[in-house]
Engineer: 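Pasting a structure below so you can have a look.
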Amino acid sequence: MTADTSPADTSAPAADRARLLELIKELAVVHEKVTLSSGVEADYYIDLRRITLHHEASRLVGRVMLRLLDDAGIEFQSAGGLTMGADPVGTALMHAASQAGRPIDAFVVRKTSKTHGMGRQVEGPDVAGRPVVVLEDTSTTGGSALTAVEGVRKAGGDVRAVAVIVDRNTGSRERIEAEAGVPYLYAFGKEELGLG
């Protein structure tokens with residue numbers, strides 16, 4: 001059995017980032033009129049579930065997002081966000097960290113607390129008293145990430161940053177930094193996707 005040395009399997013950060021960008025452009029950018037979850041109309045849609053749930057791209061998402069947070073000096077023990085866009089991002093990051101020998105957990109934030117069982121809004125290993133990062137695949141208004149930040153804080157988590165794969169440059173950064181009071185990081189801007 002020979003080792004696969006394709007760019008997707010190398011741990012070189014530049015190669016990971018370049019290949020992930022290529023896959024996002026190829027698989028996730030849809031050029032047509034759409035109405036986003038925020039109600040805003042756009043001439044394109046970035047369907048990052050086509051990336052975060054893709055066999056090759058999901059590994060790259062984990063490594064690129066982990067590197068993004070490390071390069072920014074964000075220390076954290078758990079990462080996740082509002083279900084459903086953030087779920088595979090958190091899982092990918094958790095697996096990338098595990099492969100690097102780092103014990104980072106993932107969590108899922110429900111839009112509202114459960115009305116049965118334990119009544120939790122944040123699922124997974126407890127975030128209380130722990131430094132955490134809120135993740136999202138992409139953000140238009142920042143609403144989903146802010147809902148996740150609020151849920152995590154109610155559960156006792158110490159939110160250190162919000163990080164997204166793609167920033168649409170539509171005001172999320174400014175809103176999140178103003179309302180949540182934490183840094184907003186992104187791996188790719190829309191200009192890199194040719195959407196400038």
Side-chain angles (χ1 to χ4, degrees), residues 13 16-17 20 24 36-38 40 46 48-49 51-52 60-98 100 102-113 120-193:
D16 284 350
R17 196 173 189 291
L20 181 56
I24 291 171
L36 304 172
S37 62
S38 61
V40 174
I46 304 169
L48 285 170
R49 282 173 292 279
I51 294 300
T52 60
L60 298 171
V61 164
R63 294 195 299 246
V64 166
M65 295 304 284
L66 184 60
R67 169 64 67 155
L68 173 72
L69 290 157
D70 286 348
D71 286 350
I74 306 296
E75 293 188 21
F76 63 103
Q77 296 174 355
S78 191
L82 193 66
T83 198
M84 124 164 196
D87 298 350
V89 184
T91 302
L93 193 150
M94 176 183 67
H95 288 300
S98 177
R102 296 170 59 186
I104 294 175
D105 293 323
F107 60 85
V108 174
V109 182
R110 298 171 182 276
K111 290 182 181 176
T112 58
S113 297
R120 295 177 68 181
Q121 184 177 6
V122 180
E123 299 288 355
D126 198 357
V127 297
R130 299 176 77 195
V132 304
V133 171
V134 167
L135 303 171
E136 188 59 74
D137 53 7
T138 188
S139 186
T140 304
T141 65
S144 293
L146 288 169
T147 298
V149 167
E150 181 182 353
V152 169
R153 285 179 172 161
K154 282 183 186 172
D158 175 14
V159 179
R160 299 288 178 92
V162 170
V164 301
I165 301 169
V166 173
D167 177 55
R168 296 176 55 95
N169 194 23
T170 52
S172 291
R173 174 185 211 142
E174 296 79 4
R175 182 176 177 204
I176 288 168
E177 289 184 346
E179 294 183 27
V182 297
Y184 173 92
L185 309 170
Y186 58 92
F188 302 100
K190 72 177 190 173
E191 296 77 14
E192 292 174 270
L193 304 181

Engineer: When you compare the side chain of Tyr184 with that of Arg175, does any pair of heavy atoms fall below 4.5 Å?
Structural biologist: no
Engineer: Checking Val133 against Leu185 for the side-chain contact (heavy atoms from CB on, under 4.5 Å) test, could you report, in this order, the C-alpha distance in whole Å, the side-chain angles of both residues, the deciding distance, and whether it holds?
Structural biologist: CA-CA 10 Å; Val133 171; Leu185 309 170; over 6 Å; no
Engineer: Of all the heavy-atom pairs spanning Ala145 and Val134, show the shortest one and how long it is.
Structural biologist: O-CG1, 3.9 Å
Engineer: How long is the span from the CD atom in Gln121 to the OG1 atom in Thr83, to the nearest 0.5 Å?
Structural biologist: 11.5 Å
Engineer: Could you check whether atom CZ of Phe76 has more than 12 heavy atoms from other residues, nucleotides or ligands sitting under 6.0 Å from it?
Structural biologist: yes
Engineer: If you compare all heavy atoms of Ala86 against all heavy atoms of Gly80, which two are closest, and at what distance to 0.1 Å?
Structural biologist: CB-C, 4.4 Å
Engineer: Closest approach of Asp126 and Ala155, non-hydrogen atoms and distance?
Structural biologist: OD1-O, 4.4 Å
Engineer: Check whether any side-chain N or O of Thr170 sits under 3.5 Å from a backbone N or O of Thr140 as a donor-acceptor pair, and report yes or no.
Structural biologist: yes
Engineer: Testing the basics here: between Pro125 and Ala106, what is the closest heavy-atom pair and its distance to 0.1 Å?
Structural biologist: CD-O, 3.4 Å
Engineer: Kindly give the heavy-atom pair with the smallest separation between Leu135 and Ala79, and that separation in Å.
Structural biologist: CD1-CB, 3.7 Å
Engineer: Under 3.5 Å, is there a donor-acceptor pair between the side chain of Arg49 and the main chain of Asp137?
Structural biologist: no
Engineer: Is any side-chain heavy atom of Leu93 closer than 4.5 Å to one of Leu69?
Structural biologist: yes
Engineer: Is any side-chain heavy atom of Gln77 less than 4.5 Å from a side-chain heavy atom of Asp105?
Structural biologist: no
Engineer: Distance check, rounded to the nearest 0.5 Å: Leu66 atom CG versus Met94 atom CE?
Structural biologist: 12.5 Å
Engineer: Kindly give the heavy-atom pair with the smallest separation between Ser78 and Val127, and that separation in Å.
Structural biologist: OG-CG1, 4.4 Å
Engineer: Working to the nearest 0.5 angstrom, can you tell me the gap between Phe188 CZ and Leu48 CG?
Structural biologist: 10.0 Å
Engineer: Decide, yes or no, whether a salt bridge links Glu75 with Arg160 under the criterion of side-chain N to carboxylate O below 4.0 Å.
Structural biologist: no
Engineer: Does Asn169 reach the side chain of Glu191, with side-chain heavy atoms less than 4.5 Å apart?
Structural biologist: yes
Engineer: Would you say the side-chain atoms of Glu123 pair up with the backbone N or O of Arg110, donor to acceptor, closer than 3.5 Å?
Structural biologist: no
Engineer: Quick check for you: to the nearest 0.5 Å, what is the distance between Glu136 atom CD and Ile165 atom CD1?
Structural biologist: 9.0 Å
Engineer: Could you state the interatomic distance from NZ (Lys190) to CD1 (Ile46), rounded to the nearest 0.5 Å?
Structural biologist: 8.5 Å
Engineer: Counting only N and O atoms by type, is there a donor-acceptor contact under 3.5 Å from the side chain of Arg17 to the main-chain atoms of Ala187?
Structural biologist: yes
Engineer: Please check if the side chain of Glu192 supplies one atom and the backbone of Gly189 the other of a donor-acceptor pair under 3.5 Å.
Structural biologist: yes
Engineer: Below 4.5 Å, heavy atoms only, C-beta onward: do Leu146 and Glu150 meet side chain to side chain?
Structural biologist: no
Engineer: To the nearest 0.5 angstrom, please state how far the CG atom of Leu60 sits from the CZ atom of Arg67.
Structural biologist: 13.5 Å
Engineer: Kindly say whether Val166 contributes a backbone atom to a donor-acceptor pair with the side chain of Thr138 at under 3.5 angstrom?
Structural biologist: yes
